S.K.: 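Would you mind keeping the following structure in view while I ask a few things?
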Amino acid sequence: MPPSMSHHPSADQIISLYDRHATTWNDLRINHFVDRKWIERFRSLLPAAATVLDLGCGSGQPVARYLIDGGASVVGVDSSAQMLALCSTQFPTQAWIHADMRDLVLDRQFEAILAWNSFFHLKPDDQRQMFRIFQHHAAPGALLMFTSGPSHGEALGVFEGETLYHASLDPQEYAMHLTDHGFELLEHIVEDPECGGQTVWLGRRLP
């Protein structure tokens, strides 16, 4: 990708975009679960009544809903107040926190952390810093799953006619950050055709 994209203004407009289009996003996503394969895999590895930190939870549909239906207790974090309002309405018994994942400091650890289709909206340097936050909130043995791009670079998509920013580190760098922050890599797949072309990382915090 051209270096000039490194400071693309759309990278700083993700929150406002999702705020403006929260209802549309929810309506489109609620029954569009092409990524079910890996969320099923994640849920199958959770202990009973697991606590899950869902970073960039969006409207809670369909991912948090699937985890909640499986008995998990979800703490969702999102920068979009409008998305969280939808979460609170649809899942009032769960905890929803209005915060930027890049600055998150909660005084607790979780049995699983998910950053699904959210972490990849961060600029590369912000992604690097997130591994410290993953580590801080992961209990020993905790699962960590996130999506990324297939290789180093930035990509611009479109949602509701607006530019949607994505970025990715090099795969070897993701693997290095996982190791350096106390996670073992369990599974990794690039552009899984059975999961809407998602590039998925699944790790576990070492005891």
Side-chain angles (χ1 to χ4, degrees), residues 14 18 25-26 29-30 32-80 83-84 86-87 90-91 93-106 108-122 126-127 129-149 166 168-169 174 177-178 181-189 192 195-205:
I14 295 293
Y18 278 120
W25 175 266
N26 182 70
R29 191 72 168 103
I30 194 166
H32 187 67
F33 203 0
V34 295
D35 40 359
R36 184 185 185 106
K37 170 188 171 181
W38 279 97
I39 304 304
E40 284 183 344
R41 173 77 175 130
F42 185 74
R43 192 174 86 171
S44 75
L45 296 172
L46 295 177
T51 57
V52 180
L53 178 61
D54 187 356
L55 297 171
C57 59
S59 69
Q61 297 282 5
V63 174
R65 179 188 71 204
Y66 185 78
L67 298 176
I68 294 163
D69 288 348
S73 177
V74 172
V75 175
V77 175
D78 206 279
S79 299
S80 166
M83 287 288 193
L84 290 174
L86 292 169
C87 289
Q90 297 175 117
F91 312 104
T93 62
Q94 308 298 311
W96 308 105
I97 298 172
H98 186 214
D100 189 321
M101 71 171 78
R102 296 171 293 186
D103 304 319
L104 191 68
V105 182
L106 301 178
R108 62 180 294 193
Q109 292 184 318
F110 296 82
E111 291 166 296
I113 299 173
L114 187 65
W116 191 256
N117 291 351
S118 56
F119 172 71
F120 65 9
H121 287 312
L122 302 180
D126 289 333
Q127 291 191 27
Q129 294 303 313
M130 279 301 301
F131 285 88
R132 174 181 52 83
I133 293 172
F134 293 153
Q135 182 182 42
H136 179 78
H137 294 94
L143 292 174
L144 169 65
M145 190 166 75
F146 61 89
T147 47
S148 73
H166 306 80
S168 182
L169 306 179
Y174 283 124
H177 287 305
L178 285 167
H181 290 84
F183 291 91
E184 61 174 331
L185 180 61
L186 301 179
E187 297 181 57
H188 169 54
I189 188 166
D192 186 353
C195 191
Q198 302 279 19
T199 294
V200 182
W201 298 82
L202 177 63
R204 189 187 297 278
R205 178 79 190 271

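What you are looking at is a predicted structure, and each value in this text was computed from that prediction instead of being measured. Numbers for residues simply follow the sequence, beginning at 1.
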S.K.: Are any non-hydrogen side-chain atoms of Q90 and Q61 less than 4.5 angstrom apart?
M.R.: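 Yes, their side chains come closer than 4.5 Å.
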S.K.: What is the minimum heavy-atom distance between C195 and W38, and which atoms define it?
M.R.: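 So the minimum-distance heavy-atom pair works out to SG-CD1, 3.5 Å.
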S.K.: To the nearest 0.5 Å, what is the distance between OG1 (T199) and CD1 (I189)?
M.R.: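 One gets 8.5 Å once the value is rounded to the nearest 0.5 Å.
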S.K.: Give, for atom CG of L178 and atom CG of L185, the distance between the pair rounded to the nearest 0.5 Å.
M.R.: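 Answer rounded to 0.5 Å: 6.0 Å.
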S.K.: Going from CZ on R41 to CG on L143, what distance comes out if it is rounded to the nearest 0.5 angstrom?
M.R.: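 The CZ atom of R41 sits 9.0 Å away from the CG atom of L143.
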S.K.: For D78 versus C57, what's the shortest heavy-atom pair and its separation?
M.R.: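 Taking D78 first and C57 second, the nearest heavy atoms are OD2-N, 3.3 Å.
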S.K.: Measuring only between side-chain heavy atoms, which start at C-beta, is Q94 closer than 4.5 Å to S73?
M.R.: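 Heavy-atom side-chain distance check passes, below 4.5 Å.
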S.K.: Is the NZ or CZ atom of R204 both under 6.0 Å from the centre of the six-membered ring of F183 and within 45° of that ring's axis?
M.R.: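 No, R204 and F183 do not form such a contact.
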S.K.: Could you tell me if the ring centre of W201 sits under 6.0 Å from that of Y174?
M.R.: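 For W201 and Y174, the ring centres are under 6.0 Å apart.
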S.K.: Considering only heavy atoms from C-beta outward, does the side chain of L104 approach that of V77 to under 4.5 Å?
M.R.: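 A side-chain contact exists here, since the closest heavy-atom pair is under 4.5 Å.
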S.K.: Could you report the tightest heavy-atom contact between R108 and V75, atom names first, then the distance?
M.R.: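 Smallest interatomic distance, heavy atoms only, reads NH1-CG2, 3.6 Å.
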S.K.: Report the relative orientation of the aromatic rings in F131 and H177; use parallel for angles under 30°, tilted for 30 to 60°, perpendicular for over 60°.
M.R.: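 Ring orientation of F131 relative to H177: parallel.
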S.K.: Could you report the tightest heavy-atom contact between H137 and I133, atom names first, then the distance?
M.R.: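 Smallest interatomic distance, heavy atoms only, reads ND1-O, 2.8 Å.
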S.K.: Would you mind reporting whether Q109 and P140 have side-chain heavy atoms less than 4.5 Å apart?
M.R.: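 Result yes, sub-4.5 Å side-chain heavy-atom pair found.
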S.K.: Could you pull out the closest heavy-atom pair between D54 and A64, with the gap in Å?
M.R.: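 The pair with the smallest heavy-atom distance is OD2-CB, 3.8 Å.
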S.K.: Could you tell me the separation between the CD atom of Q127 and the NE2 atom of H121, rounded to the nearest 0.5 Å?
M.R.: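 Answer for the CD-NE2 pair, Q127 versus H121, is 10.5 Å.
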S.K.: Quick one: are the ring centres of F119 and F134 less than 6.0 Å apart?
M.R.: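 Yes, ring centres under 6.0 Å apart.
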S.K.: Hey, mind stepping through H136 and V105 against side chain to side chain contact (heavy atoms under 4.5 Å, CB included) and telling me if it holds?
M.R.: CA-CA 8 Å; H136 179 78; V105 182; 4.0 Å; yes
S.K.: Between L114 and L53, is the side chain to side chain contact (heavy atoms under 4.5 Å, CB included) condition met? List the steps.
M.R.: CA-CA 6 Å; L114 187 65; L53 178 61; over 6 Å; no
S.K.: Give me the atom names and distance for the closest heavy-atom approach of K37 to D192.
M.R.: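 Closest approach of K37 to D192: NZ-OD2, 2.8 Å.
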S.K.: Do L67 and F42 come within less than 4.5 Å of each other through their side chains, counting heavy atoms only?
M.R.: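 Side chain of L67 against side chain of F42, heavy atoms only: contact under 4.5 Å found.
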S.K.: Should the pair E184-R205 be classified as a salt bridge under the 4.0 Å nitrogen-to-oxygen rule?
M.R.: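 Not counted as a salt bridge, because no side-chain N and carboxylate O are separated by less than 4.0 Å.
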S.K.: Going through the checks in order, is the side chain to side chain contact (heavy atoms under 4.5 Å, CB included) test met by F146 and F120?
M.R.: CA-CA 8 Å; F146 61 89; F120 65 9; over 6 Å; no
S.K.: Are S79 and M101 close enough that some pair of their side-chain heavy atoms sits under 4.5 Å apart?
M.R.: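 Not in contact.
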S.K.: Output the distance between atom CZ (R102) and atom CE (M130), rounded to the nearest 0.5 Å.
M.R.: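 If we round to the nearest 0.5 Å, R102:CZ and M130:CE are 9.5 Å apart.
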S.K.: Less than 4.5 Å apart, side chain to side chain, heavy atoms only: is that true for L202 and L144?
M.R.: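 Side-chain contact under 4.5 Å: no.
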S.K.: Do N117 and D35 have side chains that get closer than 4.5 Å, going by heavy atoms?
M.R.: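 N117 reaches D35 side chain to side chain.
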S.K.: To the nearest 0.5 Å, what is the distance between CG on L122 and OG on S148?
M.R.: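 The CG atom of L122 sits 12.0 Å away from the OG atom of S148.
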S.K.: Are the side chain of E111 and the backbone of T51 linked by a donor-acceptor contact shorter than 3.5 Å?
M.R.: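 Such a contact is found between E111 side chain and T51 backbone.
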